[in-house]
There are 2 protein chains.
Amino acid sequence: MKYNYSDIPEVTVRRLSNYFHILKCLKENGVDFISSKQLAALAHTNAVSVRKDLSYFGEFGKKHIGYNVNFLMKEIMKILNISKTNKYIIVGYGNLGTAIAHFPGFKDENFLLKGIFDINKNKIGKEPIEGIKVMHIEEIDAFVKENKIKFAVLSTPMNVAQVTSERLSKAGIRGILNMTGRHIRVSSETLVFDINIVTGLEWLSYFVSKKGDKR
Amino acid sequence: MKYNYSDIPEVTVRRLSNYFHILKCLKENGVDFISSKQLAALAHTNAVSVRKDLSYFGEFGKKHIGYNVNFLMKEIMKILNISKTNKYIIVGYGNLGTAIAHFPGFKDENFLLKGIFDINKNKIGKEPIEGIKVMHIEEIDAFVKENKIKFAVLSTPMNVAQVTSERLSKAGIRGILNMTGRHIRVSSETLVFDINIVTGLEWLSYFVSKKGDKR
DNA sequence: TCGTGTGAAGACTTTCACAGCG
DNA sequence: CGCTGTGAAAGTCTTCACACGA
């Protein structure tokens with residue numbers, strides 16, 4: 001069946017990214033085909049959910065056999081718009097920025113780091129990664145426009161999260177991955193995805209303490 | 001009205017953690033009272049949702065006035081079970097582990113780092129943070145039991161994520177914050193919260209590319 | 001038989017609409 | 001009035017049940 005993009009649940013998109021990471025892992029281990037049931041088990045969900053999620057975008061499976069791992073990966077990449085390289089920058093090069101710059105997940109997934117920005121004089125000019133220099137934040141605007149950068153990972157200290165995100169939005173950044181732990185408000189032209197590490201522990205704290213109560 | 005814990009939406013718990021971070025920020029800025037509408041604006045949601053979320057746990061607001069920031073913070077801390085200190089450990093002390101160990105968000109929120117574990121001989125024995133030594137992963141079991149640690153942040157390389165998480169679960173860890181980017185499967189005794197940075201960029205990639213289509 | 005794809009039913013969440021109270 | 005708390009309606013997402021094909 002054919003769906004309109006507006007019919008597609010948000011959660012589906014997030015799970016798709018999940019499936020993709022699992023498929024990548026399976027491919028590395030030489031798995032060629034996988035059923036919705038097997039994929040579901042690995043993704044902590046259920047088979048129908050997997051099939052439904054995929055069915056929003058097309059019919060990728062073969063009856064009796066399941067899904068071709070490699071083919072399904074390529075289809076998900078098309079859907080997520082990661083078939084071609086997406087350039088991104090890191091803004092705020094402290095511990096977190098360093099971790100992200102070296103995180104192996106990005107390299108294999110067509111996200112290409114193009115620049116790092118900070119305000120610390122001692123960091124600026126250094127080249128922590130082959131070909132990637134740390135630049136002063138004043139240079140962001142020109143750099144983003146010249147290199148047509150769409151995505152930024154925001155890893156500055158909390159107290160400058162808001163002002164920095166506004167600058168990114170004005171420079172033309174279309175998507176901000178906000179890891180500062182502070183909420184930011186930007187123009188509706190720019191999308192924000194929040195990753196808050198502390199929230200993760202709080203969620204665990206709640207559910208661990210509730211275990212034993214009837215559910 | 002009184003609700004059973006099983007009636008409470010999962011999303012509500014996650015938003016609660018959000019509200020809490022915002023309230024903390026407001027308190028620092030000297031704000032004493034806030035309406036559901038104001039809080040909603042800061043949390044990227046709407047007023048009814050804020051009130052409904054809170055109403056699952058009690059009646060914390062004052063009509064005509066709104067919510068007392070300090071009081072509401074304390075109530076949310078009770079709900080999330082973070083009124084008393086929660087001890088946690090970091091497992092895998094690479095770039096990401098380092099970033100988490102120094103992340104300011106944890107300290108102010110009653111999450112107390114008690115130990116760091118790795119297998120790298122050059123790291124073991126060091127004391128990167130006052131009072132916190134890096135220990136060998138072999139020591140985890142004894143340490144967790146002796147110090148009654150419930151929570152662990154998993155920041156090892158992907159290829160050892162599964163085996164390490166099993167070890168944590170066996171040692172008695174009740175909640176794992178999984179930042180490895182790999183899916184892990186552990187006994188149902190242990191809860192897992194996944195934070196995958198790459199998923200964030202993929203989500204942004206999808207929605208940025210879909211902007212302009214009717215929604 | 002085994003596994004996909006999918007309308008329809010059911011469950012869960014959000015939003016509406018309004019009572020209640022300072 | 002202005003703002004909270006909450007049943008009920010609307011909307012969204014998940015699960016059921018089954019058609020279909022290898």
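Note that this is a predicted model, so its numbers are computed, not measured. Naming convention: chains lettered A, B, ... in sequence-line order (proteins, then strands); numbering from 1 in each chain.
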Quiz item: Can you tell me if B/Asn95 and A/Thr98 form a side-chain donor-acceptor pair at under 3.5 Å?
Solution: no

Exercise. Could you check B/Phe143 against B/Phe117 for ring pair (Phe, Tyr, Trp, His ring centres under 6.0 Å), going step by step and ending with a plain yes or no?
Key: CA-CA 10 Å; B/Phe143 188 89; B/Phe117 294 86; 5.4 Å; yes

Practice problem: Could you tell me whether A/Lys145 atom NZ has more than 12 heavy atoms of other residues or ligands within 6.0 Å of it? | Solution: yes

Quiz item: Between OG of A/Ser35 and NE2 of A/His64, what distance do you get to the nearest 0.5 Å?
Solution: 12.0 Å

Quiz item: What is the per-nucleotide protein-contact pattern of nucleotides 13-22 of chain C, from the 5' end, where B denotes a base atom under 4.0 Å from a protein heavy atom, S denotes such proximity for sugar-phosphate atoms only, and - denotes neither?
Solution: SSBB---BBB

Exercise. Rounded to the nearest angstrom, tell me the gap between atom OH in B/Tyr67 and atom P in D/dG2.
Key: 18 Å

Quiz item: Between A/Ile176, A/Asp118, A/Val153, A/Ile140, which is the residue that forms a side chain to side chain contact (heavy atoms under 4.5 Å, CB included) with A/Val91?
Solution: A/Ile140

Exercise. Indicate, with yes or no, if the rings of A/His21 and B/His183 have centres closer together than 6.0 Å.
Key: no

Quiz prompt | Nucleic acid contacts - residues 31-41 of chain A versus DNA chain C, non-hydrogen atoms under 4.0 Å | solution = A/Ser35, A/Ser36

Quiz item: Given the side-chain rings of A/Phe57 and A/Tyr3, with only the six-membered ring counted for Trp, is the space between their centroids under 6.0 Å?
Solution: no

Quiz item: Near DNA chain D, which residues from residues 16-26 of chain A have a heavy atom under 4.0 Å away?
Solution: none

Practice problem: Any chance you could lay out the side chain to side chain contact (heavy atoms under 4.5 Å, CB included) test for A/Arg167 and A/Glu138, step after step, and finish with the verdict? | Solution: CA-CA 10 Å; A/Arg167 192 186 274 240; A/Glu138 294 293 339; 3.8 Å; yes

Quiz item: Could you give the distance from CD (A/Glu202) to CD1 (B/Ile82), rounded to the nearest 0.5 Å?
Solution: 4.0 Å

Practice problem: Taking atom NZ of A/Lys148 as the centre, report whether more than 12 heavy atoms of other residues, nucleotides or ligands fall under 6.0 Å from it. | Solution: no

Self-check item: Contact under 4.0 Å: B/Tyr3 side-chain N or O vs D/dG7 OP1/OP2
Solution: no

